K.L.:
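Submitted below is the structure of interest, expressed as structure tokens.
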Amino acid sequence: MKASSAKFAIGQVVRHRLFDFRGLIFDVDPEFDNTEEWLMSIPEEVRPHKDQPFYHLFAENAETEYIAYVSEQNLLPDHSVEPLRNPMIEEMFIRDKNGAYKAKPILAN
């Protein structure tokens, strides 16, 4: 099966379909681009297929903030208006008056 176009976009807030966390997408891989060891550490009954987009998230749950790598099949749009609290977001994104996250312009020397 060939990788499809990404369903979600950089700056979009999403939540995990199975686990209780949400996050902000900051990068997208068109298909799996992590180690086989990482993939095999996921229980087989919930292990995602490799031939789909995978998303890098500034993620958070009730206890902590972290970076997550999640398959498209395990993400849903998050329509909550509650802002994310992951401190890494401020370095790459700004939140507009409507609550949407926009990537900051990149400055080059």
Side-chain angles (χ1 to χ4, degrees):
M1 194 156 84
K2 191 102 169 127
S4 61
S5 299
K7 180 178 176 182
F8 302 106
I10 291 173
Q12 187 171 355
V13 180
V14 292
R15 64 183 175 88
H16 198 281
R17 182 183 302 274
L18 303 173
F19 303 113
D20 189 22
F21 72 87
R22 60 197 286 258
L24 181 70
I25 296 170
F26 69 89
D27 196 13
V28 182
D29 294 335
E31 57 187 33
F32 181 75
D33 191 25
N34 205 332
T35 66
E36 235 9 72
E37 180 181 23
W38 181 90
L39 189 64
M40 292 301 132
S41 71
I42 300 170
E44 188 173 359
E45 62 274 7
V46 294
R47 188 176 303 144
H49 301 285
K50 293 167 75 171
D51 56 353
Q52 63 180 308
F54 276 72
Y55 299 84
H56 300 262
L57 308 178
F58 291 130
E60 58 191 53
N61 60 28
E63 293 83 38
T64 191
E65 299 84 33
Y66 52 97
I67 292 188
Y69 190 62
V70 184
S71 64
E72 187 168 275
Q73 77 187 54
N74 285 321
L75 291 176
L76 297 168
D78 183 287
H79 301 292
S80 165
V81 294
E82 187 173 335
L84 293 159
R85 61 179 199 278
N86 191 312
M88 293 180 279
I89 291 171
E90 290 179 9
E91 295 188 28
M92 294 178 61
F93 292 88
I94 55 173
R95 193 162 188 230
D96 69 19
K97 63 182 178 190
N98 298 319
Y101 292 91
K102 306 290 183 197
K104 288 183 179 179
I106 297 172
L107 301 175
N109 290 336

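Fair warning: this is a prediction, and the values are worked out from it, not measured in the lab.
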K.L.:
Taking only residues two or more places apart in sequence or in another chain, which ones pass ring-ring contact (aromatic ring centres under 6.0 Å, His included) with F26?
P.N.:
H56, F58
K.L.:
With rounding to the nearest 0.5 Å, note down the distance linking CZ in F54 to CG in L57.
P.N.:
11.5 Å
K.L.:
Begin from the C-alpha positions of E31 and Q52 and carry the test side-chain contact (heavy atoms from CB on, under 4.5 Å) through to its verdict.
P.N.:
CA-CA 5 Å; E31 57 187 33; Q52 63 180 308; over 6 Å; no
K.L.:
Which pair of heavy atoms, one from E65 and one from P87, lies closest together, and at what distance?
P.N.:
CG-CD, 4.1 Å
K.L.:
Among residues at least two apart in sequence or on other chains, which ones pass salt bridge (charged side-chain N to carboxylate O under 4.0 Å, His left out) with E36?
P.N.:
K50
K.L.:
Taking all non-hydrogen atoms of both residues, which atom of E72 and which atom of S5 are closest, and how far apart?
P.N.:
OE1-O, 4.1 Å
K.L.:
Report the residues that fulfil side-chain contact (heavy atoms from CB on, under 4.5 Å) with R22, sequence neighbours left out, ordered by chain and then residue number.
P.N.:
V13, R15, E60, D78, S80, E82, L84
K.L.:
Listed by chain and number, what are the side-chain hydrogen bond (donor to acceptor under 3.5 Å, both in side chains) partners of N86, not counting sequence neighbours?
P.N.:
none
K.L.:
For Y69, which residues count as a side-chain hydrogen bond (donor to acceptor under 3.5 Å, both in side chains) partner, sequence neighbours excluded?
P.N.:
D29
K.L.:
Do I67 and L24 share a hydrophobic cluster, counting only Ile, Leu, Val, Met, Phe, Trp and Tyr and linking them when any side-chain heavy atoms are less than 4.5 Å apart?
P.N.:
yes
K.L.:
List in chain and number order the residues that pass side-chain hydrogen bond (donor to acceptor under 3.5 Å, both in side chains) with E90, two or more places apart in sequence or in another chain; answer none if no residue qualifies.
P.N.:
none
K.L.:
Set out, in order, the CA-CA distance, both residues' side-chain angles and the distance that settles side-chain contact (heavy atoms from CB on, under 4.5 Å) for I89 and Y101, then state yes or no.
P.N.:
CA-CA 9 Å; I89 291 171; Y101 292 91; 3.8 Å; yes
K.L.:
K7 versus P53: any side-chain heavy-atom pair under 4.5 Å?
P.N.:
no
K.L.:
Would you confirm whether E91, through its side chain, and M88, through its main-chain N or O, come within 3.5 Å as a donor-acceptor pair?
P.N.:
no
K.L.:
I'd like to check the side-chain contact (heavy atoms from CB on, under 4.5 Å) partners of A100; sequence neighbours left out, ordered by chain and number.
P.N.:
D96, K102
K.L.:
Quick one: side-chain contact (heavy atoms from CB on, under 4.5 Å) partners of F19, sequence neighbours excluded?
P.N.:
H16, F21
K.L.:
Can you list the residues that meet the side-chain contact (heavy atoms from CB on, under 4.5 Å) rule with I10, with sequence neighbours excluded?
P.N.:
I25, V28, F93
K.L.:
Are N74 and L18 packed together at the side-chain level, in the sense that at least one heavy-atom pair is separated by less than 4.5 angstrom?
P.N.:
yes
K.L.:
Give the table of side-chain donor-acceptor pairs shorter than 3.5 Å for residues 37-48, with sequence neighbours excluded, one pair per line with atom names and distance.
P.N.:
| from | atom 1 | to | atom 2 | distance (Å) |
| --- | --- | --- | --- | --- |
| S41 | OG | W38 | O | 2.6 |
| R47 | NE | L39 | O | 3.3 |
| R47 | NE | I42 | O | 3.1 |
| R47 | NH2 | I42 | O | 2.9 |

K.L.:
So L75 and Y55, do their side chains get closer than 4.5 Å, heavy atoms only?
P.N.:
yes
